[in-house]
Amino acid sequence: MTDNGAEPSDHLRLDQVSMKFGQRTVFENLSFSLPPGEISVIIGGSGSGKSTVLRLIGGLVSPQSGRIVVEGQDISLAGNDVLETARNKIGMLFQGGALLDSLTVFENLALPLREHTDLDDESIATEVHDRLDAVGLSGIDDLLPNQLSGGMRKRVALARAIIRKPSILLCDEPFSGLDPISTRKVEALLVDINRRRGITIVVVSHHVASTMRMASQIVVLLPDGLVVGSPQELQNHNDPRVKAFLTADRDQPSEMVEEVEVLPSGRRT
Amino acid sequence: MITQLANLGARSIFFIEEVGRVAYFGGQILVAAAKRPIRARRFVDEVFRLGVLSLIIICVCGLAVGAVLGLQGYNTLERFGATDSLGTVVGLSLIRELGPVLTALLTTGRAGSATTAEIGTMAATEQLDGLRMMSINPIHYVVMPKAFAMVFVMPLLSALFIVCGIAGGYLVGVFWGIDPGSYMTGLESAVTFQDDILGSFLKSLIFGILVGLISTYRGYSSEPTSAGVSAATTTTVVEASVVILIFDYFITALWGV
């Protein structure tokens with residue numbers, strides 16, 4: 001059982017979920033659950049629907065069919081009120097950060113607190129600086145997002161995503177566009193947040209090295225289904241496409257990787 | 001022939017659906033306006049960006065239009081020996097028609113397009129989704145203050161345009177030898193508050209609603225790509241301009257203002 005009394009499999013679960021954009025099927029009958037308090041990484045080829053899975057969990061898009069359970073609550077067809085309640089438990093780190101470019105770093109972090117809490121200005125400032133310290137940034141309160149580097153922007157966005165103390169953190173390509181040092185910093189931050197705060201973290205990433213280091217569970221989206229397992233299990237998996245993914249960033253280009261990249265999304269189990 | 005009819009039918013259905021979507025979006029803005037917090041600070045920011053930053057263009061264009069009206073009016077009235085009526089002609093033309101319409105068109109080009117581009121860019125860079133994930137309704141936080149600011153600033157900018165236009169006509173008229181007193185007296189005696197000033201206010205208020213609604217809707221519903229934002233911005237300028245002129249006709253025909 002989890003803290004709220006839900007079964008562990010109901011903490012985060014997709015059940016027979018199908019998704020289409022117009023005539024294009026992204027995936028069909030996708031089912032898996034993610035363990036509470038762990039870091040799960042979703043990998044797969046371009047267009048396989050990795051980011052869509054995150055958007056489904058966040059309630060930003062609705063599936064054609066199936067159930068999406070977040071902490072025991074089905075949000076697949078939920079109205080705005082239910083979604084807002086569910087989103088109170090979820091933080092999301094977007095690929096580009098999604099910081100409001102008209103607000104300073106401080107205002108970006110203070111916004112959710114001003115909207116949803118009764119904290120006074122002093123308490124809000126304390127919270128904001130606490131989160132900025134947690135991601136290794138300070139003294140940048142008055143900077144605008146366009147004055148930050150890519151890595152700093154990601155870390156500020158991460159600080160904003162955890163400022164409301166969510167139980168689930170969704171991260172869409174947190175390492176994209178970052179140099180190796182920034183990648184390691186963001187990776188270390190995610191691991192630290194997971195360990196210190198016990199937050200369930202779901203990461204969508206192409207970065208296999210980081211995935212293998214930080215993940216407790218990996219979900220590989222394939223054109224004809226999915227494979228779920230721990231990093232150790234997947235390293236010894238007999239599906240060559242899974243192996244191709246996990247060795248792809250070791251300068252070993254594989255025909256199977258190419259195949260996964262170009263195949264149209266098909267039926268999954 | 002059947003294909004053409006089918007295309008016409010499909011376009012008609014799309015048009016009706018689009019009108020429905022815009023009306024629904026307008027309803028969402030009104031519902032958001034009734035919710036707390038009232039977003040006063042964001043509203044004031046938008047009034048500054050949409051209104052105060054448009055002051056120069058409105059003043060310059062108003063002055064130029066008034067000067068042209070003065071020149072054309074003087075040349076025409078001179079044929080009938082009625083140049084003393086220049087103030088009446090310039091004033092009524094600006095107050096009843098040109099002030100609200102030209103202000104709305106100028107504001108569409110300057111502020112309406114900027115509104116669409118800003119909201120569209122926010123959609124393309126996931127800022128609107130970011131707000132949703134913070135349980136903040138983007139219509140309440142982003143759209144509503146912009147739409148209401150547009151409605152608020154339009155009558156004020158129109159009034160400024162009219163004042164500048166009257167001043168432009170005055171300068172040209174006096175330059176051509178018209179008595180300044182007769183220009184102002186003619187204007188004062190011809191313009192009525194009920195028919196002219198209130199009518200002008202009503203027109204600009206309706207134009208403000210139209211521009212605010214179209215510019216925010218187009219930005220909010222734009223494709224989240226740079227090409228999509230560009231197309232939405234163009235659509236805003238074209239649609240709002242056409243709608244302003246069509247509504248201008250119907251307001252004038254139905255209410256006589």
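Within every chain, numbering begins at 1; the chains are lettered A, B, ... in the order of the sequence lines, protein sequences first and strands thereafter. All values reported here derive from a predicted model rather than from experimental measurement.
Side-chain contact, A:Thr200 with A:His11: a donor N or O sits under 3.5 Å from an acceptor N or O. Under 3.5 Å, the side chains of A:Glu187 and A:Ser210 contain a donor-acceptor pair of N or O atoms.
Looking at A:Leu60, only its side chain comes within 4.5 Å of chain B, counting heavy atoms on both sides. The contact between B:Leu131 and chain A is made entirely by side chain atoms (from C-beta outward), counting heavy-atom distances below 4.5 Å. Heavy-atom distances place the backbone of A:Leu99, and not its side chain, under 4.5 Å from chain B. Heavy atoms of A:Leu113 lying under 4.5 Å from chain B are absent altogether. Of the atoms belonging to A:Glu115, it is side-chain heavy atoms, and not backbone ones, that fall under 4.5 Å from chain B. Using a 4.5 Å cut-off between heavy atoms, A:Asn80 does not touch chain B at all.
With respect to chain B, the highest number of heavy-atom pairs below 4.5 Å among A:Asp101, A:Ile90, A:Leu93 belongs to A:Asp101.
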N/O donor to acceptor pairs below 3.5 angstrom from side-chain atoms of residues 51-64 of chain B, sequence neighbours left out:
unit_1	atom_1	unit_2	atom_2	d
B:Ser54	OG	B:Leu50	O	2.6
B:Ser54	OG	B:Arg110	NE	2.7

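The aromatic rings of B:Tyr217 and B:Phe25 stand perpendicular to each other, their planes meeting at an angle above 60°, with 30° marking the opposite boundary.
By the 6.0 Å and 45° rule, B:Arg42 stacks over the aromatic ring of B:Tyr141.
Looking at A:Cys171 and A:Leu169, their side chains come closer than 4.5 Å, going by heavy atoms from C-beta outward.
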